[in-house]
Structures are given as structure tokens and as C-alpha cells.
Amino acid sequence: MKTAQEILNNPFMNKGTAFTMEERKALNLIGALPPTVQTLEEQVERTYKQFCKKANNQEKRIYLMTLFNTNRILFYALMAQHVVEFMPIVYDPVVADAIRQYDELFMKPQDAGFLSIDHPEDIETSLINAAGGRDIRLIVVTDAEAILGIGDWGVNGVAISIGKLMVYTAAAGINPDNVLPLVLDVGTNNKQLLDNPLYLGNRHERVRGKAYYDFVDKFVTTAEKLFPHLYLHWEDFGRPNAAAILKKYQEKITTFNDDIQGTGIVALAGILGALNISKEKYTDQKVMIFGAGTAGAGIAHQIFEEFMQQGLSEEEARKHIYLVDKQGLLFEDTNDLTEAQKPFVRQRSEFENSASLATLYNAVKAIHPSVLIGTSTQPGKFSEEVVKEMATAVKRPIIFPLSNPTELAEAKAEDLIRWTDGHALVATGIPSAPVEYKGVTYNIGQANNALMYPGLGLGVIASTAKVVNQTLLSAAAHALGGIVNSDQPGAAVLPPVDKLTEFSEHLAIVVAQNAIQQGITKKKINNAQEAVRQMKWLPKYTE
């Protein structure tokens with residue numbers, strides 16, 4: 001039998017003051033706890049009061065991480081009541097500060113796994129030790145080269161994987177006993193870390209090329225062998241590696257890249273929601289994406305795939321998409337094009353004066369897109385001049401300044417509403433307050449990946465889908481975009497984050513049903529709704 005301290009120090013077993021007197025006697029906990037027995041509800045009330053007393057967001061995060069390490073059920077019962085309040089604390093944006101201070105704050109690894117490229121022979125042992133005998137169904141893995149807004153943070157980036165999985169559980173009810181956050185420590189090019197005597201990761205520059213991809217492949221092969229029901233989620237890899245890894249594995253295993261696919265699906269869902277409001281056809285849209293990095297190219301790809309899902313040929317679909325980056329509109333002869341950008345470049349012969357399209361304004365004036373999406377991290381680039389030019393040719397312009405944090409956004413929601421006299425259909429990458437304009441309250445959707453990936457993941461896992469293909473992703477986007485109230489004046493193009501737990505289950509059922517209809521499930525599943533509800537975990541104590 002385990003000792004009292006072994007039980008109380010195991011977050012999956014510990015109930016704290018909720019152990020009944022019978023349990024305390026049976027488990028030798030008499031005297032190891034105060035005599036009062038509390039309910040889970042009483043514990044939640046107590047811990048929330050303690051949380052509210054913390055002086056700043058970093059202290060609040062430390063408190064929540066300590067609770068997470070102490071009592072997993074209590075942590076998620078608390079988070080379930082305060083999802084909107086806690087998400088920015090356990091994940092973006094506060095996680096950025098936690099990553100920067102990871103070495104100083106490190107006390108316990110939050111059940112995460114650390115795989116070192118310096119010791120590839122230890123991958124299997126490391127995964128077995130990190131899993132601790134648990135049935136792992138979901139891994140979020142990062143190499144932390146391209147953490148949004150802060151870049152390369154080496155092994156510290158494991159906090160990204162931890163935070164992402166917290167949202168999976170809080171939003172969609174994926175059992176925390178079945179998840180594993182991982183970091184692939186392949187080195188770092190962050191000199192600040194390499195020079196920091198407290199840095200906990202490998203002290204060398206990032207390994208590139210064949211050695212890197214061999215390490216990744218050994219990780220994937222080993223994880224698939226150890227965890228036969230695995231759904232593998234890639235997070236914050238550098239631009240070339242992210243695309244190459246997804247391309248290699250997406251048709252072979254159940255896998256998903258949130259930066260490439262998740263961002264694209266949410267943006268697509270926002271467009272579909274906007275079109276539900278404007279009553280316009282998807283295949284009539286011209287889409288311009290400003291910022292052609294991993295996120296921008298990923299959005300372009302999802303939008304392109306949806307054009308084909310709706311009947312267009314590859315050639316026709318490409319004609320509807322325009323990528324603009326720091327060089328201006330991307331052409332076939334633009335220098336340093338990435339593999340992800342190349343499918344969407346334009347021919348100079350399409351335009352009378354292609355050289356003038358080096359600015360966003362000139363590109364908008366020449367093309368008059370009906371959809372303008374920003375992933376540039378260049379603040380204020382969706383200027384009044386640009387937006388009004390777009391609105392001269394489009395009745396209901398769809399404008400999504402998605403860059404975050406706030407200081408990097410291409411535009412503010414209230415300006416977009418005002419500059420278009422209330423006609424713009426807007427989503428932002430940050431939370432935006434409703435905008436009051438001429439007697440109408442305009443609710444602003446937040447294009448947050450958390451709207452998509454928890455429900456998608458639950459549906460994939462519950463259905464035992466073999467792959468996450470484009471048909472499945474399209475079904476998810478339509479499900480999310482279809483939640484809008486299109487008859488309400490000022491309706492948001494995406495559902496609100498405060499309803500996340502409700503529509504995540506709906507999204508999961510749609511995804512599971514689509515997988516069943518496609519015949520891509522590992523097991524025979526007859527009822528998508530029942531499969532999702534059986535898989536969904538609720539934070540409650542059992543006897």
C-alpha cells in the first residue's frame with residue numbers, strides 16, 4: 001500500500017481535504033490531513049478566493065501551477081468554472097512570461113517529458129518514464145523554435161505544451177490522465193539562454209538537417225509503438241520544419257499542426273460565419289492575406305482547400321488567393337519564397353504595373369479583396385486609407401487583424417467598424433470589447449485557436465480517426481462557422497470564448513460523425529454522440 005505522503009503527492013490520486021473519513025482510515029491518512037472533510041465545491045470556493053488574492057498574473061499562474069501539481073481534479077474543477085478568466089493565465093499571453101522565467105521558477109515538471117537530441121537512444125525510456133504507465137491518447141509536442149511573439153526559447157517552451165493541454169481538458173474534457181506534454185530539446189539559438197548559467201536545456205545551437213529529422217522520426221516511431229491510440233499535436237516549430245514534418249506524417253498517422261492547420265481552420269470558420277451573415281457565396285470571395293509566414297500560409301492553404309471542397313479546380317481556387325508580405329504582393333520571381341508560399345504566387349502579367357504592388361494599399365487598390373486577413377505582426381497596417389479603399393468595392397468587407405498581442409494588431413475593431421460605417425465583418429486575434437456604433441452593438445469574434453483544437457481533438461480521439469484529413473477539417477470549420485446568430489444585428493462571426501465548453505462538444509460530435517462517414521476510424525463506431533460523451537472526462541472525485 002502507498003504511504004500517506006505518496007498519495008498526497010500524487011496529483012492524480014490526491015483529494016486533499018475531500019478524502020472521507022472512511023478513505024482516510026483505509027489509506028492511512030488519519031492525522032495527515034485536517035479533520036474537516038470538504039466537498040469538491042467547497043474546495044473550489046476556497047481555492048478561487050486564494051487565487052483572487054494574488055497580486056499579479058504571474059503570481060496567479062504560479063498558484064495555479066502549484067494546484068495543478070497537487071490535485072488535478074480540483075485544478076480542473078476550478079478552471080471549469082473560470083475558463084475565460086484562466087485561459088490567459090495558463091496559456092497565452094501570461095505563458096510567455098513563464099517561459100522567459102522557466103529556469104528561475106522550475107520546481108516540478110508538471111508531468112511533462114523531455115527528449116534530448118544529444119541522447120536519441122533514450123527516447124523510448126524517456127517516453128515510458130514520462131507516461132508513468134498511463135494510457136496516453138494525446139501528446140502536444142514542441143521544439144520551441146517559433147513561440148508566437150517571443151521566438152526561440154529552447155527547453156523552456158515545454159510550458160507551451162503544458163498550457164495547450166490544460167485548455168484541451170478544460171474546454172473539451174479530454175482526460176488529463178491520457179495526455180502528455182513534451183519538448184524536443186534540439187538546442188537553442190537564443191544566446192540569452194546559452195549564456196544563462198541557470199538554463200536547463202542543451203547548451204548548444206539548434207541541430208539542423210538530417211540529424212534533426214532523424215531524431216523527430218525516431219520520436220514519432222517510438223511514440224506510435226508505445227501509444228497505439230495516439231493523436232499527435234505539433235506546436236510552435238520553426239517555419240520550414242513545421243511544414244516538412246506535417247507533410248511527412250499527416251497521411252500516415254493521426255496528427256495535427258496547430259500553427260499551420262488550427263489557425264487556418266479558425267480563420268476559415270470566421271469567413272464562413274461572416275458569409276452566413278452577409279448571405280454571400282464562398283466561391284465569389286477574393287482573399288488577401290497580409291503576412292505570409294507559417295500562420296499566413298497555413299490560412300491560405302485551408303482557404304484554398306475549402307474552395308476545392310466547394311467545387312473549384314486547383315487552378316481556379318488559386319486565383320482567389322493573394323499573399324502579401326514585406327516585399328508586397330508575392331510573385332513568381334519574388335526572392336526567398338518558402339515552399340508554403342509558392343503555390344499562391346501571382347504572375348506579373350496579371351497586372352499593368354506589378355512593381356507598384358509593393359505596398360498593402362496599392363495591392364488592395366488593384367485587387368479589391370472581399371476578405372483581408374492580417375498575420376503580419378505589423379501594428380496599424382490596416383489603416384483607414386487601406387480599409388476605405390477596400391470598402392469602395394465591397395459591400396460587407398471581411399477584415400480579420402489576427403496578429404497578437406494587442407500592440408501588434410493590424411487594426412482595432414472599433415476603427416474598422418467606424419471606417420466602414422458598420423459594414424465590416426470583423427474578427428480579431430485578441431479579445432475585443434463590443435463596439436457601439438449608430439445604435440448597434442457589434443460583437444467582435446476572437447479568432448482564437450482554442451475555439452477549434454479542443455473540440456477537434458476530442459472528436460478525433462473519440463472516433464479513433466486514423467488521419468486528420470482535409471474533409472475532416474472542413475467539417476470542423478463549417479461546424480464552428482455555423483454557430484453564429486446571423487439574424488442578430490452586429491452578430492459576431494465566431495462564437496464567444498465564454499461558450500467554449502458548450503460548442504467544443506458540438507464540434508467534437510460533428511468531427512466524429514464525419515470520420516465515421518468517411519470510414520477512416522480504427523474501430524467501428526456506430527454513434528458519434530455517444531462516443532464523444534463516453535470519452536469526455538468530468539472533474540469529479542470517485543469513491
Side-chain angles (χ1 to χ4, degrees), residues 142-152 184 186 189 205-213 216-217 234-251 255-268 287-308 314-315 317-348 350 354 357-360 363 367 369 371-378 381 400 402-403 408 410 429 449 470 473:
T142 185
D143 75 355
E145 182 175 10
I147 298 174
L148 184 63
I150 61 174
D152 179 354
L184 304 182
V186 299
N189 293 343
E205 292 189 350
R206 284 185 173 271
V207 175
R208 303 288 188 189
K210 185 177 184 301
Y212 173 87
Y213 288 113
V216 171
D217 195 57
W234 307 88
E235 188 73 25
D236 287 342
F237 283 71
R239 181 190 296 184
N241 290 336
I245 290 169
L246 181 62
K247 183 177 181 180
K248 180 173 182 177
Y249 298 109
Q250 65 181 342
E251 295 180 3
T255 196
F256 171 76
N257 184 299
D258 191 44
D259 305 297
I260 296 174
Q261 296 169 295
T263 304
I265 303 165
V266 173
L268 172 59
V287 181
M288 180 175 288
I289 299 168
F290 179 58
T294 300
I299 291 171
H301 180 76
Q302 293 300 326
I303 290 170
F304 164 74
E305 291 286 350
E306 183 61 27
F307 277 123
M308 291 196 296
E314 284 190 29
E315 183 180 0
R318 286 194 177 94
K319 290 179 180 178
H320 289 257
I321 299 171
Y322 302 81
L323 291 187
V324 180
D325 210 59
K326 57 181 182 254
Q327 312 96 315
L329 186 66
L330 297 189
F331 290 101
E332 77 283 0
D333 60 356
T334 300
N335 291 330
D336 300 322
L337 291 169
T338 68
E339 290 302 313
Q341 293 167 346
K342 288 177 182 177
F344 305 108
V345 297
R346 313 300 297 201
Q347 304 296 314
R348 291 195 180 273
E350 297 177 51
S354 63
L357 304 182
T359 68
L360 178 61
I367 296 161
V371 180
L372 180 61
I373 297 173
T375 56
S376 68
T377 65
Q378 295 186 41
K381 285 295 184 177
F400 296 170
L402 300 186
S403 292
L408 300 181
E410 289 83 5
N449 286 18
Q470 191 55 45
L473 296 177

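We use all heavy atoms of the structure for the numbers below, so side chains are in, but hydrogens, waters and symmetry mates are not.
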Among residues at least two apart in sequence or on other chains, which ones pass ring-ring contact (aromatic ring centres under 6.0 Å, His included) with [X]?
X	value
His320	Phe307
Phe344	Phe304
Phe290	none

Among all residues two or more places apart in sequence or in another chain, which pass the side-chain contact (heavy atoms from CB on, under 4.5 Å) test with [X]?
X	result
Lys342	Leu337, Glu339
Ala297	Ala340
Asn335	none
Glu332	Val345, Gln347, Arg348

Here's one to test your reading of the geometry: is the NZ or CZ of Arg346 within 45 degrees of the ring axis of Tyr322 and under 6.0 Å from its centre? yes
Salt bridge (Lys or Arg N to Asp or Glu O under 4.0 Å) filter on Lys326, not counting sequence neighbours, yields none
- prompt: Looking at residues at least two apart in the chain, or sitting in another chain, which of them share a salt bridge (Lys or Arg N to Asp or Glu O under 4.0 Å) with Arg239?
  reply: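 Scan of Arg239 (salt bridge (Lys or Arg N to Asp or Glu O under 4.0 Å), adjacent residues dropped) gives none.
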Pairs in or reaching into residues 256-266: which pass salt bridge (charged side-chain N to carboxylate O under 4.0 Å, His left out), with residues at least two apart or in two chains?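 Counting only pairs at least two positions apart or across chains, the salt bridge (charged side-chain N to carboxylate O under 4.0 Å, His left out) contacts touching residues 256-266 are Lys164-Asp258.
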Among all residues two or more places apart in sequence or in another chain, which pass the side chain to side chain donor-acceptor pair (under 3.5 Å) test with Glu306?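 Side chain to side chain donor-acceptor pair (under 3.5 Å) check on Glu306 returns Gln310, Ser474, His478.
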Ignoring hydrogens and angles, write down the donor-acceptor pairs under 3.5 Å from the side chains of residues 240-251, residues two or more places apart or on other chains.
unit_1, atom_1, unit_2, atom_2, d
Asn241, OD1, Tyr213, OH, 2.6
Lys248, NZ, Asp217, OD1, 3.4
Tyr249, OH, Asp217, OD1, 2.6

* Asked: Okay, side chain of Glu410, backbone of Ser376: is any donor-acceptor separation there less than 3.5 Å?
  -> yes
Next item on the list: Using atom types as modelled and distance alone, determine if a side-chain donor or acceptor of Thr377 lies under 3.5 Å from a backbone N or O of Ser403.
Entry: no
| said: Does Asp333 have more than 12 heavy atoms from other residues, nucleotides or ligands lying within 6.0 Å of its CG? | reply: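 Result for CG/Asp333: enclosed.
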Distance col, row Leu473:CG vs Ile265:CD1, nearest 0.5 angstrom, shows 4.0 Å
What one should report as the nearest heavy-atom pair of Asp152 and Asn189 is OD2-N, 2.8 Å
